[in-house]
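As structure tokens, the structure follows; a few thoughts come after it.
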Amino acid sequence: MKRVLVREILQSDTSGFDVLVKGWVRTKRDSKGFSFLEVNDGSTIKNIQVVAEESMPGYDEVLKISTGCSVAVEGELVDSPGKGQKYEIKARSIHVYGWADSERYPLQKKNHTFEFLREIAHLRPRTNTFGAVLRVRNALSYAIHSFFQNKGFVYVHTPIITASDCEGAGEMFRVTTLDLKNVPIVNGDIDYEEDFFGKKAGLTVSGQLEGELLATALGNIYTFGPTFRAENSNTSRHLAEFWMVEPEMAFAELPDDISLAEEFLKYIFKYCIDTCPDDLEFFDMRIQKGLISSLEDIILSNFEIITYTEAVDILKKSGEKFEYPVEWGTDLQSEHERYITEKKFNKPVVVTDYPKDIKAFYMKLNDDGKTVRAMDVLVPRIGEIIGGSEREYRYDVLVDRMKNSGLNPEEYWWYLDIRRFGSVPHAGFGLGFERTVQYITGMQNIRDVIPFPRTPKSADF
RNA sequence: UCCCCUGUAGCUCAGUCGGUAGAGCAAGUGGCUGUUAACCACUGGGUCGCAAGUUCGAGUCUUGCCGGGGGAGCCA
């Protein structure tokens with residue numbers, strides 16, 4: 001008989017036919033003469049209840065089944081007389097593929113803390129929460145691709161290993177084949193000419209610069225890949241290895257960028273609501289009350305767009321007591337961003353036109369000479385989810401900005417060439433994929449929305 | 001990297017004034033004809049994170065190290 005998925009069974013309009021399901025036992029309850037098994041196969045957060053009666057062949061084996069065992073169950077799908085489920089399987093035979101010694105199997109049929117589950121990351125996908133996280137993660141990935149594909153954006157692959165010494169977005173992990181116990185030295189410095197690439201190389205901290213090169217040929221592009229930051233960040237919002245989405249549009253200015261970000265977020269949220277209703281219901285009930293309606297609110301909302309200068313004004317007039325003072329020219333603190341998006345507007349807020357000194361060199365300088373065409377999208381609960389800008393496409397201005405930022409324009413000759421030949425206004429943004437999963441699921445710690453998180457002092461599994 | 005909290009049974013935690021280890025759940029055994037975090041009874045289960053120090057005596061006090069959590073910075 002052909003195996004069917006639990007998701008398909010639960011969607012069936014009728015019962016009374018034979019089925020074969022394969023999955024893992026979540027829990028078992030024994031009574032005199034019969035047992036209830038709950039089997040989950042990962043196709044849905046819901047389990048299928050299996051009833052095994054004493055009279056069935058091999059019942060003495062069934063009695064030995066415990067949480068975690070992998071099984072194949074063949075039997076008739078019947079309407080369940082009990083409460084809590086529509087259907088159940090009246091088992092005719094149960095085959096155990098693999099036992100799970102109940103004295104050693106760490107997952108119990110009780111709530112575990114996320115901290116504990118992180119220590120057994122190889123088993124936590126078998127829990128309700130992580131199964132749901134991973135299904136939402138999958139749906140979100142697909143939504144990202146379908147959004148951009150529907151709009152004709154070209155999915156491009158930017159390098160993971162890069163030899164640009166200073167991309168400027170954060171500390172890089174070094175990539176080397178040098179013998180660390182015997183590093184070649186020339187004039188007191190490491191001789192990178194002997195290294196694999198003949199120069200200092202590292203893992204990418206952003207695909208943006210290369211993305212710009214491709215956008216100024218193909219028009220609209222996006223990247224969706226892994227990104228690495230060697231920052232010693234110990235927070236619930238940072239990973240050393242995470243996934244980032246970076247669209248880049250040629251012939252586009254900041255308002256186009258903002259529109260794209262807003263349309264994009266609404267699309268991917270709606271896609272997840274539509275395709276993962278059971279998982280989101282679980283998150284709404286167990287992780288973050290009101291989650292679904294807050295996502296629906298955002299889909300229907302118009303994002304607030306304010307300038308940095310207006311934001312500073314709002315904060316100064318707020319009457320709130322902030323730990324850090326608000327001063328034009330300094331970066332907004334987490335508490336400030338939270339006030340703006342959570343208290344003042346209670347919806348996503350796009351803050352634009354930041355002072356040039358607190359933003360990256362590649363952002364387009366405004367006519368006032370003081371601010372740049374940057375935008376941060378702030379959302380309630382997690383703060384900055386998107387950072388983007390219109391890029392400086394004027395060659396001379398960009399060279400000046402590089403020099404003022406302490407960068408050597410010669411090392412960016414290829415980046416500057418784009419401005420030298422057929423330069424066009426262009427704009428793009430970066431979206432932290434895991435932060436977005438956090439936002440959609442309500443999960444508080446970013447380490448719990450990626451299967452195997454990499455953080456300082458932690459790279460197990 | 002900084003500040004605060006924390007580390008005791010498989011898990012979640014309690015442990016008073018320094019006097020030699022407790023609960024709930026889980027697990028094991030038995031019971032129960034429809035369970036839903038099943039229920040009832042009984043049983044087993046400990047390098048108190050690691051190292052040093054103070055003390056007649058340390059889970060408890062002191063110092064150092066390591067891990068975990070929350071917040072900050074950096075950022076996505």
Side-chain angles (χ1 to χ4, degrees), chain A residues 26-38 46-55 63-64 66-68 78 80-85 88 90 100-120 128 168-171 205-208 225-246 261 286 322-324 330-338 358-360 376-379 382-388 429-439 444-450 455-458 460:
Chain A
R26 283 291 175 79
T27 170
K28 187 179 69 148
R29 295 177 289 272
D30 291 323
S31 273
K32 177 84 174 168
F34 57 91
S35 300
F36 295 103
L37 304 178
E38 295 221 20
K46 293 180 173 159
N47 304 325
I48 184 79
Q49 175 164 285
V50 174
V51 186
E53 295 190 1
E54 197 171 23
S55 56
L63 283 176
K64 290 189 282 183
S66 58
T67 301
V78 298
S80 178
K83 283 182 180 167
Q85 60 280 318
E88 63 190 26
K90 196 167 187 277
D101 182 352
S102 56
E103 288 187 23
R104 290 164 189 267
Y105 189 62
L107 290 175
Q108 303 169 355
K109 45 185 175 182
K110 58 171 276 188
N111 287 333
H112 286 109
T113 60
F114 292 133
E115 291 81 14
F116 171 68
L117 291 174
R118 259 170 241 155
E119 293 169 10
I120 50 166
N128 285 334
E171 288 291 314
V205 294
S206 165
Q208 184 200 313
T227 308
F228 308 88
R229 303 269 168 94
E231 307 281 359
N232 192 8
S233 296
N234 288 290
T235 80
S236 55
R237 311 184 304 283
H238 288 85
L239 291 166
E241 175 182 301
F242 63 99
W243 287 65
M244 188 153 66
V245 179
E246 293 177 295
R286 304 290 288 272
F322 295 114
E323 196 182 333
Y324 293 89
T330 62
D331 219 344
L332 299 178
Q333 303 289 314
S334 288
E335 58 175 346
H336 304 146
E337 294 182 344
R338 238 178 288 129
I358 59 172
K359 286 291 180 186
D376 284 358
V377 180
L378 313 179
V379 290
I382 62 169
E384 185 183 341
I385 196 171
I386 280 178
F429 63 76
L431 170 101
F433 181 65
E434 280 76 16
R435 285 189 185 172
T436 311
V437 178
Q438 265 188 286
Y439 196 70
Q444 301 226 323
N445 197 311
I446 200 165
R447 293 162 202 161
D448 300 328
V449 298
I450 187 167
T455 55
K457 299 281 188 297
S458 174
D460 288 338

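For the numbers below, each heavy atom of this structure counts, side chains included, while hydrogens, waters and symmetry mates do not. Here is how names work: the chains are called A, B, and so on, in the same order as the sequence lines, proteins then strands, and each is numbered from 1.
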The salt bridge (charged side-chain N to carboxylate O under 4.0 Å, His left out) partners of Glu434(A) (sequence neighbours excluded) come to Arg137(A)
ring-ring contact (aromatic ring centres under 6.0 Å, His included) against Phe116(A), all qualifying residues, sequence neighbours excluded:
His112(A)
Between A27(B), C75(B), G69(B), which nucleotide gets closest to the side-chain atoms of Ser334(A)?
C75(B)
By ring-ring contact (aromatic ring centres under 6.0 Å, His included) - contacts of Phe228(A) (at least two apart)
none
Within the 4.0 Å heavy-atom criterion, would you say Ile385(A) contacts the bases, only the backbone, or no part of the nucleic acid?
sugar-phosphate
With a 4.0 Å limit, can you tell me whether Ser236(A) has a side-chain N or O closer than that to the phosphate oxygens OP1/OP2 of G71(B)?
yes
Taking CG from Asn232(A) and P from C3(B), how many angstroms apart are they, rounded to a whole number?
14 Å
Are any of Arg338(A)'s side-chain N or O atoms less than 4.0 Å away from OP1 or OP2 of G71(B)?
no
Ignoring backbone atoms, test whether Arg447(A) places a side-chain nitrogen or oxygen under 4.0 Å from the OP1 or OP2 oxygen of G69(B).
yes
Nearest-Å distance once atom C1' is located in both U6(B) and U12(B):
14 Å
For nucleotides 42-44 of chain B, give me every protein contact, N/O to N/O, under 3.5 Å, one pair per line with atom names.
none

According to ring-ring contact (aromatic ring centres under 6.0 Å, His included), who are the partners of Phe34(A), at least two apart in sequence or on a separate chain?
Phe36(A)
Heavy-atom closest contact (Glu384(A) atom, Glu337(A) atom, distance)
N-OE1, 4.1 Å
Restricting to side chain to side chain donor-acceptor pair (under 3.5 Å), what partner residues turn up for Glu38(A), sequence neighbours left out?
Arg29(A), Asn47(A)
What is the nucleic acid contact for Arg104(A), judged by heavy atoms within less than 4.0 Å: base, sugar-phosphate only, or nothing?
nothing
Is the phosphate of G73(B), meaning OP1 or OP2, less than 4.0 Å from a side-chain N or O of Thr235(A)?
no
Within a 6.0 Å radius of atom CD on Gln333(A), are there more than 12 heavy atoms belonging to other residues, nucleotides or ligands?
yes
Mind listing the N/O atom pairs, protein and nucleotides 10-14 of chain B, below 3.5 Å?
| from | atom 1 | to | atom 2 | distance (Å) |
| --- | --- | --- | --- | --- |
| G10(B) | N2 | Gln108(A) | OE1 | 3.1 |
| G10(B) | N2 | Gln108(A) | NE2 | 3.0 |
| G10(B) | N3 | Gln108(A) | NE2 | 3.0 |
| C11(B) | O2 | Lys110(A) | NZ | 2.7 |
| U12(B) | OP1 | Thr113(A) | OG1 | 2.9 |

Please report the distance, rounded to the nearest Å, between CG in Leu63(A) and C1' in G28(B).
15 Å
Do Ser206(A) and Glu246(A) meet the criterion of a side-chain donor-acceptor pair at a distance under 3.5 Å?
yes
G57(B) to G73(B) separation - P atoms, rounded to the nearest Å:
48 Å
Send over the distance from Leu431(A) CG to C75(B) C1', rounded to a whole Å.
13 Å
Determine the interatomic distance between C1' on U43(B) and the same-named atom on C50(B); round to the nearest Å.
33 Å
For nucleotides 30-34 of chain B, tabulate all protein N/O to nucleotide N/O atom pairs closer than 3.5 Å, reporting atom names and distance.
| from | atom 1 | to | atom 2 | distance (Å) |
| --- | --- | --- | --- | --- |
| C32(B) | OP2 | Lys32(A) | NZ | 3.1 |
| U33(B) | O4' | Lys32(A) | O | 3.4 |
| G34(B) | N1 | Glu88(A) | OE2 | 2.7 |
| G34(B) | N2 | Gln49(A) | NE2 | 3.4 |
| G34(B) | N2 | Glu88(A) | OE1 | 2.5 |
| G34(B) | N2 | Glu88(A) | OE2 | 3.2 |

Which part of the nucleic acid, if any, lies within reach of Lys83(A) when heavy atoms closer than 4.0 Å are counted: base, sugar-phosphate only, or nothing?
base
Set of side chain to side chain donor-acceptor pair (under 3.5 Å) partners for Glu119(A), sequence neighbours left out
none
Between G69(B) and G24(B), how far is it from one C1' atom to the other, in whole Å?
23 Å
Expressed as a whole number of angstroms, how long is the span from Glu323(A):CD to G71(B):P?
13 Å
Any stems for RNA chain B, made of 3 or more Watson-Crick or G-U pairs in a row, each with both distances under 3.5 Å?
B:1-7 with B:66-72, B:10-13 with B:22-25, B:27-31 with B:39-43, B:49-53 with B:61-65
Taking atom P in both U55(B) and C42(B), compute the distance separating them and give it to the nearest angstrom.
46 Å
Integer angstrom distance from the P of U1(B) to that of G59(B):
32 Å
Using the P atoms only, state how far U62(B) lies from C75(B), rounded to an integer number of Å.
39 Å
Whole angstrom is fine here: how far is it from CZ in Phe114(A) over to C1' in U6(B)?
19 Å
Could you tell me how far apart Asp101(A) (CG) and G45(B) (P) are, to the nearest whole angstrom?
18 Å
Whole-Å C1' distance, G19(B) and U60(B):
11 Å
Run the side-chain contact (heavy atoms from CB on, under 4.5 Å) check on His336(A) and Thr330(A) step by step: do they pass?
CA-CA 12 Å; His336(A) 304 146; Thr330(A) 62; over 6 Å; no
With no hydrogens and no angle check, is any side-chain donor or acceptor of Arg229(A) less than 3.5 Å from a backbone partner on Val205(A)?
yes
Whole angstroms only, please: what is the CZ-P distance between Arg229(A) and U1(B)?
19 Å
Within the structure provided, determine whether Ile120(A) and Leu107(A) are in side-chain contact (heavy-atom separation under 4.5 Å).
yes
Find the distance Glu38(A):CD to A37(B):P and express it as a whole number of Å.
8 Å
Any side-chain N or O of Asn234(A) less than 4.0 Å from the OP1 or OP2 oxygen of A72(B)?
no
Excluding sequence neighbours, so at least two apart, what forms side chain to side chain contact (heavy atoms under 4.5 Å, CB included) with Arg447(A)?
Arg118(A), Leu239(A), Asn445(A), Pro453(A), Thr455(A)
For Ser334(A), check side chain to side chain donor-acceptor pair (under 3.5 Å) against everything at least two apart and list the hits.
none
